[in-house]
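Throughout, numbering of the chain's residues begins at 1 and tracks the sequence. Counting starts at 1 for both ligands and their atoms, following the listed order.
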Amino acid sequence: MYLIMSLNLLQRTLYVTRSKSISNLSCRGVHLLQNKAFINGKWVGAHTGETFDVTNPANEAVVGNVPDMYVKDACKAIDAAHSAFYNERWHNSTAKERSALLKKWFQLMETNRQEIAQIMTAESGKPMVESLGEVTYGNSFVEWFAEEARRIYGEIVPPPQANRQIMLTRHPVGVAGLITPWNFPHAMITRKAAAAIAAGCTVVIKPAEDTPLTALALTKLAEDAGFPEGVFNIITSSRKNAATIGELLCKSEKVAAISFTGSTEVGKLLYQQCAGGIKRIGLELGGNAPFIVFNSADIDKAVTGAMNSKFRNCGQTCVSANRFLIQDGIHDEFIAKLLEKVKALKIGDGSRDGVQIGPLINQAQIKKVSQFVDDAIEKGGKIIHGGQRLSKHGQLYYEPTIVTCLRDDMRLYNEEVFGPVISVIRFKTEEEALMIANGTQRGLAGYFYSNDLNQVFRVSKLLEAGMIGVNEGLISATEAAFGGIKESGIGREGSKHGIDDYVYIKYLCYGNLQ
Ligand code: SIN
């Protein structure tokens, strides 16, 4: 009892401390910190009144609480989005009007960059510099799709008969259900929602339970931008209700399309649930990215690329390099240079200046990372650096780690670690590297470093992934098509192709023309 009271007291104290730091935002815009969901243009709680806490992974302090919604609440959001889609005001909106609303949203997000980033760091543990980077990245999707909205063209196709005209026109599919992850709490929402809205859809967003506050901050700015009621809806729930809400979105006849970013396991489940209604689905799922360094590579550039790819968001990124394949001739030099950089990483609470590595998101994540490393050690992996939790910083910190001698029976080889662990395999030939790199059912991203032009062309062609970094470790860009092959997903986000998931093509055959 005493322990529980002390814990409560401690938690309250932490909450006060944290709310003070968040309320520092108040001078510049505390209105972004919301504790309600948003349905049909109104801020609402769960019908039961239940809420759940959102905690800071850096110190487990409570940073806010949001409604713990159920299927009944989600139905209201779907109904609102459905009516809004058929409401004349939205249905007949022009591309120019939708573009203007998205531009307004973008401008408000730009004005509030700092506050959004602070909220993001507080709930995700991401270092401030990365949160600001994500705000730039996330905002850029809104700007991009504001521009693309006006270029959703149709086609006039030469007909096979002289008295016919063939027209192909593109139309919004209807309500889009967007299920987004915790690792990019801003950009994964805007990459989907801005594309859907540009196309003329209405949206119901279900953000991850670990990071709903960033999502609600963006929603507040969407409200301020003036989207009509029911166009932009967001529902929050804890883990206990997430699966049933996901199932509802996939099975509801009022939802026309689903877009999901997250694990392959959950993606497969949602895909099955969408099958009953032949529902359109976009999936951006897990990877197992190879990062190959050939003998001809510029080693310094490869080391920089490796650091950028691996340690972005503490390794909790779908496109993070997962298996490092280093050719025999440069293996030892590459590892020595990499080790120097890894040792220099500054670890700690992401809100502190200069921190590069924050905590992992939650207990499940740190447990998984520890288990993967322990499994590798048991099977003969060699720890060059790290390999431990860093409890002196907090419960969720894991040391940046380098493991060599990776083997194909290890979890680090076969599964996505989603943590700050570099796993290294030494190889001899290009064929061997390609065989290892492609020997997985995942195919999201791949990276390789080589200065041999013929090798660059050969490997680019043969590497099985939706996205490839050639002498580059950071490939994400609004203008590029983001997505995977094999079990890493279906569809593309960002770029001009990002609209495709939210429109259908109507074929109009004008016959018997005089
Ligand atoms: C992800 O990890 O899901 C997305 C990362 C990115 O867009 O770069």
Candidate list Arg492, Arg280, Arg170, test salt bridge (charged side-chain N to carboxylate O under 4.0 Å, His left out), partner Asp500, passing option: Arg170
Can you work out which protein residues put a heavy atom within less than 4.0 Å of ligand 1? Tyr137, Asn183, Phe184, Met188, Arg191, Thr261, Glu284, Arg312, Thr317, Cys318, Ser476, Phe482
ring-ring contact (aromatic ring centres under 6.0 Å, His included) partners of Phe294, counting only residues at least two apart: Phe427
Under the ring-ring contact (aromatic ring centres under 6.0 Å, His included) test, which residues partner Phe448, sequence neighbours left out? none
According to ring pair (Phe, Tyr, Trp, His ring centres under 6.0 Å), does anything in residues 101-132 pair up with another residue at least two apart or in another chain? List the pairs. Trp105-Phe227, Trp105-Phe232
Is it true that Ser124 and Thr211 share a donor-acceptor pair across their side chains at a distance under 3.5 Å? no
Does atom CG of Asp408 have more than 12 heavy-atom neighbours from other groups under 6.0 Å away? yes
